[in-house]
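First comes the structure, then the notes that go with it.
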Amino acid sequence: MIHEECGVFGMLDTSGEDVARTVYYGLTSLQHRGQESCGIAVSDTEGELGAVRLRKDMGLVSEVFGEEDLAKLTGNIGIGHVRYSTAGASTRENAQPLAINYIKGTLAIAHNGNLTNADELREKLAMTGAIFQTTIDSELIAYLIARKRLESKSVEEAVALSMKELKGSYSLVVMSPRKLIAARDPYGFRPLVMGKRGKAYVFASESCALDVTGAEFVRDIEPGEIVTVTSEGEVFSDKSRCIPSEKHGHCIFEYIYFARPDSVIDGISVYDARIRAGKYLFRDCPIDADIVAGVPESGNIAALGYSIASRIPCGQVLFKNSYIGRTFIKPGQSGRENSVMLKLNTLKHAVEGKRVVLIDDSIVRGTTSYRIVKMLRDAGAREVHMRISSPPFLWPCFYGTDVPERKQLIAYNRSIEEIRQITGADSLEYLKVERLKDIIYGSKNICEGCFTGVYPDVREKGEEK
Ligand code: SF4
C-alpha cells in the first residue's frame, strides 16, 4: 500500500480562547494522512515572545495526547501535525511541529510535502553555520524563514522570500509569536484549506478537519499563495508567488486514495471523483458479474460507482478489522502477507458461487492483490475480476508519497496480462491514464507523474530512483 504523507492544522483564536483541543480534534480527523508521529505547538499571542508549549511523540494522536497534556497546552494560537515519514527517519526528533528560537522570537512550523532541492539547501545552510537537529525538510524551511526574517519587515515577507528558494511540494502552517501563516507551493501538489469558527481562523490539509472542528469552509489556499492572520484578526493574502493555473500540478492520487472521501479539494469532492473513477472503469472495461465490491475501505466508493454504471449490485465481500496496526509496521514480505489476512476476512456467504468484480485503488507490489484473490477463491468465488481505480504505478513520486523504487513496482516492465497472472484474477483492468483528468471533471491541472513519468515542475520523464 502506498502511504500518505502528512497532515497539518493551524488555528488562531482572536478572542483569546485556548486552541489545543480543537487542534487535537483537527489532527484526529487528519490521522489517515500519517500515523507514525504527531505533535501540537501552542503559544499565546498576548504572552511573552517565544513562549511555545510543544508536545510531540511517536504514535497516533489519541496515544500521544491525554487530558493532562492538553490541559498544559494553553494558548490561543497553535499548529499541529500528523506524520508518515517520506523524507527523514521515523524518529521522535523528526516529529513535527518544529519550533526554533531565533533573534525575533520563536518560529514553529508544520509541513506537508517534500522538497526536491533539500540536499542542496541543507548544504548551503550548513556552509553558513546552520547546525541541524533533524533530518527533515521542515527544519530547512524553518531555518530559511528565520534567516530571511532578519532581512525582511515581517514574517510573511520572510516566508515569501524563502519560497523563492524552495522547490518541490509544500503546504505549510507557520506560527510566529503574533501571527499564523499558511502557504502552499506554486504547483499546489498538496491540499490546504482555510476555515473560520467565530473569531478563530483555521487552516487544515483537508476540509474534513474543518467540518469536524465546527469551522466553516472559507476557501482553498491558492497554489503559491501566502495567507497571514494577525492576532487582531486581520487577514492578508500574498499571491506574488502564484503561477498560471495551467501550470498547476494537483496530486491526482489525493482524490483516488489519500484524502478522506468527505473532503473537498480545490473545489472537487473526493467522493465524486471516486464515484466517477468507478463509472469510467465500467464504461472502459465492462464485465458481467453477480456482485461488485471494494477492497475496504479505499476501494468502496469506486465500487459503488462501478455498480451504478453497470447495475450490478454492490455489496461487501471482505470484512476489515480496523483494530490491527497498519501493514507497514511489518517490513518483510512474509510479514506483509500475514498482515493482509489479519486485517481482512472474506464474507463467505456473500461470495460463494458468485462472479465478483473487486475494486481496489491501486496495486503496488501485487502481494496484497494475490492474497485477496486467493482468499475469495478459497471462499468459493466462481470468478474474480479485478478493477483498479488508478493507472499502473510506473514511476517515482518526488513530492512526498512513498511510491517504492521502480524495481519493486509490479507494473514495472510487465504487461497487464502478466500482472493478472501474478494476482491470479480472471481479468484485470486499470483506470486509463486519459481518464485521470476526467474524474475531476477535467477542471484542474494535475500531477500524474507516478503513472506517466511526466512531472509538473520538469514536464519530462523522471529519473529512476
Ligand atoms: S507523482 Fe503521483 S503521488 Fe506524487 S504528487 Fe504526482 S500524482 Fe501524486
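Small disclaimer: the values here were computed from a predicted structure and weren't measured. Residue numbers count from 1 along this sequence. Remember, it's 1-based here, ligands and their atoms both numbered in the order they're listed.
With a heavy-atom cut-off of 4.0 Å, R190 touches ligand 1 through its side chain alone.
Taking the ring pair (Phe, Tyr, Trp, His ring centres under 6.0 Å) definition, one finds that F189 meets it with Y187, Y399, sequence neighbours left out. Residues that satisfy the ring pair (Phe, Tyr, Trp, His ring centres under 6.0 Å) test with Y201, not counting sequence neighbours, are absent from this structure. Remark: S245 engages H248 in a side chain to side chain contact (heavy atoms under 4.5 Å, CB included) (not counting sequence neighbours).
When the options V173, V202, I79 are evaluated for a side chain to side chain contact (heavy atoms under 4.5 Å, CB included) with F9, the one that passes is V202. Among R420, R377, R387, the single residue meeting the salt bridge (charged side-chain N to carboxylate O under 4.0 Å, His left out) criterion with D426 is R377.
Cation-pi contact between R274 and Y255: absent, since separation from the ring centre below 6.0 Å together with deviation from the ring axis within 45° is not met.
Excluding waters, the protein N/O/S atoms found under 2.8 Å from atom 4 (Fe) of ligand 1 are C397 SG.
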